[in-house]
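Because the structure is predicted, anything quoted here is derived from the model rather than measured. Proteins get letters first, then strands, A, B, ... in listed order; numbering begins at 1 in each. Just the heavy atoms: all of them, side chains too, but no hydrogens, waters or symmetry mates, feed the values below.
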Protein chains: 2
Amino acid sequence: MLELEMIKPDAGQSAREYAYQLLRDHIIRLKLKPGQPLSENELAAKLQISRTPVREALIRLSQEQLLEVLPQRGTYVSLIDLEQVEEARFVREQLEPAVVRLACGRFTADQRIQLESNLILFEKYVEEKDYSKLFDLDIRFHEILFTGSGKERTWAIVHSLNAHLSRIRMLSLASEYNWTTIIAQHREVVEAIKTKDADRGERVMREHVSLIVLDQEALIRAHPDYFKNSPQGGDT
Amino acid sequence: MLELEMIKPDAGQSAREYAYQLLRDHIIRLKLKPGQPLSENELAAKLQISRTPVREALIRLSQEQLLEVLPQRGTYVSLIDLEQVEEARFVREQLEPAVVRLACGRFTADQRIQLESNLILFEKYVEEKDYSKLFDLDIRFHEILFTGSGKERTWAIVHSLNAHLSRIRMLSLASEYNWTTIIAQHREVVEAIKTKDADRGERVMREHVSLIVLDQEALIRAHPDYFKNSPQGGDT
DNA sequence: CATCACACACTTGTATACTAGTCATACTAA
DNA sequence: TTAGTATGACTAGTATACAAGTGTGTGATG
């Protein structure tokens, strides 16, 4: 019943971390469906580790709102919560332009090169239509901006919030995504950083983040049982 | 050796939640010193619960960067990390003004009353010099702004970040705090919300957040062993 | 046929036993 | 004396056993 794409744990990685990474990835990529029940015992058996590390991974995921743990009843993959999605967008809308502003002031040549090589890869995978890689590169672009500006912990927050956005993005057909617009905006951000034009960088990033939200109505219609508070998709 | 102010667990509260709340409170209030080693066994004995819930609480606290867990070596209360403090301030600087802007647009009469009664209590405790209550009320004021604007999850982020700021505030003598300025700013924020003057609200809140940072140099000199990367305070 | 009660098969929460790694200390040997 | 090594007392990580609560299905009973 429960199907997991098994991946060998990295060497030196704890069982807890292994379970966490694997489950998070499955949830974000919708290999585990919103609302789907999970069992600590079943997971432990599938991953061939004991309940303890599985359980610790589940607790962490529930803190990140990717799971809902109901004591003595069960654990479920969280339904997609549009409130949560909106708040993630809101937070990014505030943080990302501010970070770009910082980056305009302090990015070194090395750091700019990191961004530019990201752009080059981006163009390559757009041609190859490798949407999975594009998702990763998109995330990586923003990560470079944060870490390069000395805001590693802030990035951790944004990264965690992204989990909820990711599921929506995953739902929409990847091809719907206007990668051309995204890459153009990324390029303009890099341009702004190069010329140390903080105002421009901030403005472009603000526009960029606003693109996160796509046609949610259509997605809900297509997958009503994946969403919280939607007519068909009960609260499980 | 290890001293904890025991508090009875709330009814219906899980052992894990009990341990988490108690330890978090102790860390924030500096009853557990930065750098101090903790032992899962010892904590379990003191709290009269088993290692499992203690351990799960410790994991959560380490995710919030309040603890550092070194496998097979030990668990330590995190040293105060000024980078972390600065990032907390940075994030609040972006989020809080934006939330006030929202509040100016959508706060109801009821919600304004909540803010005003907060102000009244504030004035009362300023007179009584009850600094502990003032800390709580200050936090509560900001919480009202976030939750009233429908940003509960964003508040959860800010609240978590506050843990690091709190330790610094706790270090400084409470009386040093310029509560008069704080209350004046709070009052002006409420005024802005009343008159729906979003620009003013945003501006005041920005000034307000910038006050978070106080004279860190003096604090480091007084407690070098509490800080990360300070000459005396080793990385333990 | 409907309804209530109870047993049972689950669930997660907690306790405990065991594993494996770290570090300091004391002892041995050069 | 000193360097090297074994030993033992810690640590956190993992496995497993048990407790306590939930929901469902079944069967007796009206």
**Report entry** Minimum-distance nucleotide (side-chain atoms of Ser39(A) versus dT11(C), dG13(D), dA15(D))
**Finding:**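 Side chain of Ser39(A) sits closest to dT11(C).
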
With sequence neighbours left out, what residues match [X] under salt bridge (charged side-chain N to carboxylate O under 4.0 Å, His left out)?
X	answer
Glu17(A)	Arg60(A)
Asp136(B)	Arg29(B)
Glu86(B)	Lys151(A), Arg89(B)
Arg16(A)	Glu56(A)

Would you mind reading off the distance between [X] atom [atom1] and [N] atom [atom2], rounded to a whole angstrom?
X	N	atom1	atom2	answer
Tyr76(A)	dT22(D)	OH	P	13 Å
Glu42(B)	dA9(D)	CD	C1'	15 Å
Glu40(B)	dA9(D)	CD	P	20 Å
Leu58(B)	dG13(D)	CG	C1'	13 Å
Gln48(B)	dA15(C)	CD	C1'	14 Å
Arg55(A)	dT14(C)	CZ	P	7 Å
Arg60(A)	dT12(C)	CZ	C1'	21 Å

Between the protein and nucleotides 18-21 of chain D, which nitrogen or oxygen pairs come in under 3.5 angstrom?
none

Query raised in the report: Is the distance from OP1 or OP2 of dT14(D) to the nearest side-chain N or O of Thr52(A) less than 4.0 Å?
Result: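 Looking at the OP1 and OP2 atoms of dT14(D), neither is under 4.0 Å from any side-chain N or O of Thr52(A).
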
Query raised in the report: Think Thr75(A) has a side-chain N or O under 4.0 angstrom from the OP1 or OP2 of dT12(C)?
Result: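 For dT12(C), OP1/OP2 do have a side-chain N/O of Thr75(A) under 4.0 Å.
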
Could you tell me whether [X] contacts a base, only the sugar-phosphate backbone, or nothing, with contacts defined as non-hydrogen atoms closer than 4.0 Å?
X	result
Ser14(A)	sugar-phosphate
Ile49(A)	sugar-phosphate
Leu38(B)	sugar-phosphate

Query - Glu143(A): partners by side chain to side chain donor-acceptor pair (under 3.5 Å), with sequence neighbours left out - result: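 Partners of Glu143(A) by the side chain to side chain donor-acceptor pair (under 3.5 Å) criterion, ordered by chain and then number, come out as Arg140(A).
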
Query raised in the report: Quick one: side chain to side chain donor-acceptor pair (under 3.5 Å) partners of Gln72(A), sequence neighbours excluded?
Result: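 With neighbours one apart ignored, the set is empty.
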
List every contact pair, protein side and nucleotides 5-9 of chain C side both N or O, where the distance is under 3.5 Å.
none

Query raised in the report: So do the side chains of His208(A) and His142(A) get within less than 4.5 Å of each other, counting heavy atoms only?
Result: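 Yes. Closest side-chain heavy atoms under 4.5 Å.
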
Query - Carboxylate-amine/guanidinium proximity below 4.0 Å for Asp81(A) and Arg153(B) - result: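 A salt bridge links Asp81(A) with Arg153(B).
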
Requested in this report: Could you pull out all residues at least two apart from Gln216(B) that satisfy side chain to side chain contact (heavy atoms under 4.5 Å, CB included)?
Outcome: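 Gln216(B) satisfies side chain to side chain contact (heavy atoms under 4.5 Å, CB included) with Leu82(B), Val85(B), Ile168(B), Val213(B) once adjacent residues are dropped.
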
